[in-house]
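Reviewing the structure listed below.
Below, read A as the first sequence line, B as the second, and so on, with proteins coming before strands; counting in each chain starts at 1. Given the structure is predicted, the values throughout are model-derived calculations rather than measurements.
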Number of protein chains: 2
Amino acid sequence: MLTMAYPKHLSSADILKTAVNMVEYGGTDGLSLRAVASALGVKAPSLYRYFPHKEVLEAAVAEEIFNLMLGEFRAASESADPETRLRRLADTYLRFARDRFPLYSFAVQSRLPEKYSSKAGKAVWNLLLEAASGVSGQPDDTAAAVAIWSFLHGYATLEHFGVFGASGPKGGLERGVEAFMSNFRSSAEPVRKEHRPRATDIRRQKLP
Amino acid sequence: MLTMAYPKHLSSADILKTAVNMVEYGGTDGLSLRAVASALGVKAPSLYRYFPHKEVLEAAVAEEIFNLMLGEFRAASESADPETRLRRLADTYLRFARDRFPLYSFAVQSRLPEKYSSKAGKAVWNLLLEAASGVSGQPDDTAAAVAIWSFLHGYATLEHFGVFGASGPKGGLERGVEAFMSNFRSSAEPVRKEHRPRATDIRRQKLP
DNA sequence: GTCTATATGCGGATAGAC
DNA sequence: GTCTATCCGCATATAGAC
């Protein structure tokens, strides 16, 4: 088949998948077109048939990562009890950020132009917003969601960079979660059922 | 003076100072030996007379940044009232992180080998630890310090990367600070003077 | 003490052959 | 559709001249 000396065997989906892998195992700034191409057994210029330039690929990678997060977060958000839902979501969020930090970091800190704004990223935010609002009893409690989100992001990041040192965080995670749960609860109607599970489900765990 | 055709006009201090400037205005990964040398009117190889390789310069830069932070934080830590002290420290921390994000980010996320471990960085941590412990009434309350530190770092970072979107954080900062203050207070003796200033002093401000 | 010249390595992107 | 070849830029670091 001489006419197929260069048969098509690339696709946008394959490139995207490989690129996500490069970020996960090559570090947040480990995404290079040469490396992606090499992993696919082709040369870098070939990728330009599918992505006009790197930025477009980066936006697609970020979106894909947010979709990965979304899949796990949705499962965690299924609990009926508001407080359990928020605790499980926080647990899952932290687990993703810890175990797949390069992916997490790439998505959250991707400062891409507005035109690449992420649908999945917004969906993740909405899950957090609803979960926090569910505990506080205030609809669209942005302040509550921003507060606990900041805490989770900061904890995961400082932990990743080894800032807590040899002594470790020493219960700082549980302390923070309890502080927010208590604060959110106090925004809700003062009389509630005594359903207040401990924070013991939030521990360092590995993804399966 | 033919024997001084290449007179000395570099010093470790000058190089360090310039390097810190490059990070502040050139971005977290904007530290290149070429750029530093160019700003000093020399060529890159000249720097090797003062720093054996880049990593040593990076460690010096991180230490210098922590010292800058330390200077501001010490001033904020002078209040006699524990709660005011923690609020002012949090305010100052956030202001530094916001207004000089590249510097802040470089120092906090510098993952340098253990042998470069920062004295000033530890001093910053100790200020936070003492301030948080002062409010909670528990000596060396690591959990409390870790919790509020995570929150401040996360908030500053998410804000910097524009993650809160057009709607903005909508009081998420004040909400978080209050949640922690309340939590810390409850660890202390239950009866306290009614000295509970509002969180209104924590606002976006520019450094002078 | 600083220089030029150079080695080696990375990266994105394009033109034009096959 | 993929290739080779190339241009451009960036970087750290070293050898040896002045």
Expressed in angstrom and rounded to an integer, what is the separation of [X] atom [atom1] from [N] atom [atom2]?
| X | N | atom1 | atom2 | value |
| --- | --- | --- | --- | --- |
| H9(A) | dC3(D) | NE2 | C1' | 12 Å |
| D14(A) | dG1(D) | CG | P | 14 Å |
| E58(B) | dA11(D) | CD | P | 13 Å |
| K43(A) | dC18(C) | NZ | P | 18 Å |
| L47(B) | dT2(C) | CG | P | 9 Å |
| L10(A) | dG1(D) | CG | C1' | 8 Å |
| D29(A) | dC10(D) | CG | P | 19 Å |

With a non-hydrogen cut-off below 4.0 angstrom, is Y50(A) in contact with a base, only sugar-phosphate, or nothing? sugar-phosphate
Quick one: closest heavy-atom pair of V61(A) and F106(A), and the distance? CG1-CE2, 3.6 Å
For A120(B) and N67(B) the tightest heavy-atom approach is CB-OD1, 3.5 Å
Between S46(A) and dG1(D), does any side-chain N or O lie under 4.0 Å from OP1 or OP2? no
Mind checking whether F101(A) and H160(A) have parallel, tilted or perpendicular rings, split at 30° and 60°? parallel
Which atom pairs link the protein and nucleotides 12-16 of chain D when you take only N or O atoms and keep those under 3.5 Å?
residue	atom	partner	partner atom	Å
dT12(D)	OP1	L33(B)	N	3.1
dT12(D)	OP1	K54(B)	NZ	3.2
dT12(D)	OP2	L33(B)	N	3.1
dT12(D)	O4	R34(B)	NH1	3.3
dA13(D)	OP2	Y48(B)	OH	3.2
dA13(D)	OP2	K54(B)	N	2.9
dA13(D)	O5'	Y48(B)	OH	3.4

Between E63(B) and K119(B) (salt bridge meaning N to carboxylate O under 4.0 Å), is one present in this structure? no
Can we say E83(B) and R87(B) salt-bridge, meaning some charged N sits less than 4.0 Å from an Asp/Glu carboxylate O? yes
Contacts of R34(B) meeting side-chain contact (heavy atoms from CB on, under 4.5 Å) (sequence neighbours excluded), chain-then-number -> S32(B), A44(B)
